[in-house]
Each structure stands twice: as C-alpha cells, then as structure tokens.
Amino acid sequence: TILSLSACKKTTVVNQTVDQAYSAIYTVQPGDWVQGQDGAQTYYYVNLDIPELDDIINTHGGVEVYISFDGGANYEALPEVFDGVAYGSLHTTGTVTVDLREAYGASLTSPISSDLTVKVVLIDATPLDN
C-alpha cells in the first residue's frame, strides 16, 4: 500500500493565466447627458470614466454595456431601440460612451428624462498567437 500511494504525483502548472470579467454599475441622471451634433442630427451622450478599461482589455478583451430602465431589475444589451430612441455604446481606453439617437435619423429634442442604470462588463483576455 505504501508503494502505490507514493507513486501518486502532484503536478503544478506554472505561469497559468486566468482571464476574468469585471462589472460596474452607473446611474446616469437626466442632467448628465451632453448634446452632440452629427451632421444635421442632434443626439445626446454621456462619457463614463472607467480607469479599469486599460489598453489590454481595449485591444484584446471585451466590453459589454447593458441598460436598465427599472433600477437594475432587468437589463437589456446595447445596442437597443426603445420608444423610438436608439441606445448605443462606444469604448476606448478609460472611457465608455453611451449615446441616444432618434431611431429613424431625425434629431432628438431632449435626452431621456429619467435615471438610466448602466452596467458595464469588462472582459480580460489573453490574445491568441495567430
């Protein structure tokens, strides 16, 4: 019995990378929206400062953005069209921008008038060698 147990060997893997996902929730209030102009179209946007969104995640990972109109009880993935407003997102290192545009190409006359809950999920990843 001693000989058979001593034949078992524990193997440890060195330099194993574990990729992870992180999330944060933001509340965008009606006064946070900034008016923008894209040609003749007026739209609204808000920039979310996310220092954890580094160059590695921006280049090799992923960023997912969700919105909730009911304080986080339910979330919808962006892009999304709701009540004639197209909700979209754009990300770069350190920032996620959420924008509101009129869904059919006209200008928005104002941003939404209630709080919007935004969930941002950052997905860290190791690039493939290809």
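These numbers come from the heavy atoms of this one structure, side chains and all, not from hydrogens, waters or symmetry mates.
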Legend entry - Where Val121 and Ser23 come nearest, the two heavy atoms and their spacing: CG2-CB, 4.0 Å

Inset, instruction - Would you name the heavy atoms of Gln37 and Thr42 that are closest together and state the gap between them? - result: OE1-OG1, 3.1 Å

Inset, instruction - Give a yes or no on whether Val65 and Phe82 share a hydrophobic cluster (residues Ile, Leu, Val, Met, Phe, Trp, Tyr; joining criterion: side-chain heavy atoms under 4.5 Å apart). - result: yes

Inset, instruction - With the side chain counted from C-beta on, respond yes when Ile56 and Asn58 share a heavy-atom pair under 4.5 Å apart, and no when they do not. - result: no

Inset, instruction - Determine whether the aromatic ring centres of Tyr87 and Tyr66 lie less than 6.0 Å apart. - result: no

Legend entry - Glu64 versus Ile123, closest heavy-atom pair with distance: OE2-CD1, 3.6 Å

Inset, instruction - Nearest 0.5 Å please: distance from the CG atom of Asp55 over to the OG1 atom of Thr92. - result: 8.5 Å

Inset, instruction - Answer yes or no: is there a side-chain heavy-atom contact under 4.5 Å between Val118 and Ile25? - result: no

Inset, instruction - Check for a donor-acceptor pair, side chain of Asp124 on one end and backbone N or O of Ala21 on the other, with a separation under 3.5 Å. - result: no

Inset, instruction - Find out whether Leu53 and Val96 are in side-chain contact, i.e. whether some heavy atom of one side chain is under 4.5 Å from a heavy atom of the other. - result: yes

Inset, instruction - Nearest 0.5 Å please: distance from the CH2 atom of Trp33 over to the CG atom of Leu108. - result: 10.0 Å

Inset, instruction - Nearest 0.5 Å please: distance from the NE2 atom of His91 over to the OG1 atom of Thr97. - result: 10.5 Å

Inset, instruction - Step by step, work out the side chain to side chain contact (heavy atoms under 4.5 Å, CB included) result for Val98 and Val28. - result: CA-CA 10 Å; Val98 176; Val28 179; over 6 Å; no

Legend entry - Separation between CZ of Phe69 and CD1 of Ile112, rounded to the nearest 0.5 Å: 6.0 Å

Legend entry - Donor-acceptor under 3.5 Å (Asp54 side chain, Ile57 main chain): yes

Legend entry - Minimum heavy-atom distance Ala125-His60, with the two atoms named: CB-O, 3.4 Å

Legend entry - Closest contact, heavy atoms only, Ser89 versus Asp99: N-OD1, 4.1 Å

Legend entry - Partners passing salt bridge (charged side-chain N to carboxylate O under 4.0 Å, His left out) against Asp32 (at least two apart in sequence or in another chain): none

Legend entry - Sub-4.5 Å side-chain heavy-atom contact between Ile67 and Thr117: no

Legend entry - Cluster overlap Val63 with Tyr45, hydrophobic side-chain contacts below 4.5 Å: no

Inset, instruction - Would you check if Tyr43 and Asp38 make a side-chain contact, meaning some heavy-atom pair closer than 4.5 Å? - result: yes

Inset, instruction - Return yes if some donor-acceptor pair links the side-chain N/O of Ser68 with the main-chain N/O of Asn74 below 3.5 Å, else return no. - result: yes

Inset, instruction - Could you list all the side-chain hydrogen bond (donor to acceptor under 3.5 Å, both in side chains) pairs where at least one residue sits in residues 103-116, not counting sequence neighbours? - result: none

Inset, instruction - Determine the minimum heavy-atom distance between Tyr75 and Lys119, stating which atoms define it. - result: CE2-CB, 3.6 Å

Inset, instruction - Please examine the side chains of Thr27 and Leu116, heavy atoms only from C-beta on, and report whether any two atoms are closer than 4.5 Å. - result: no

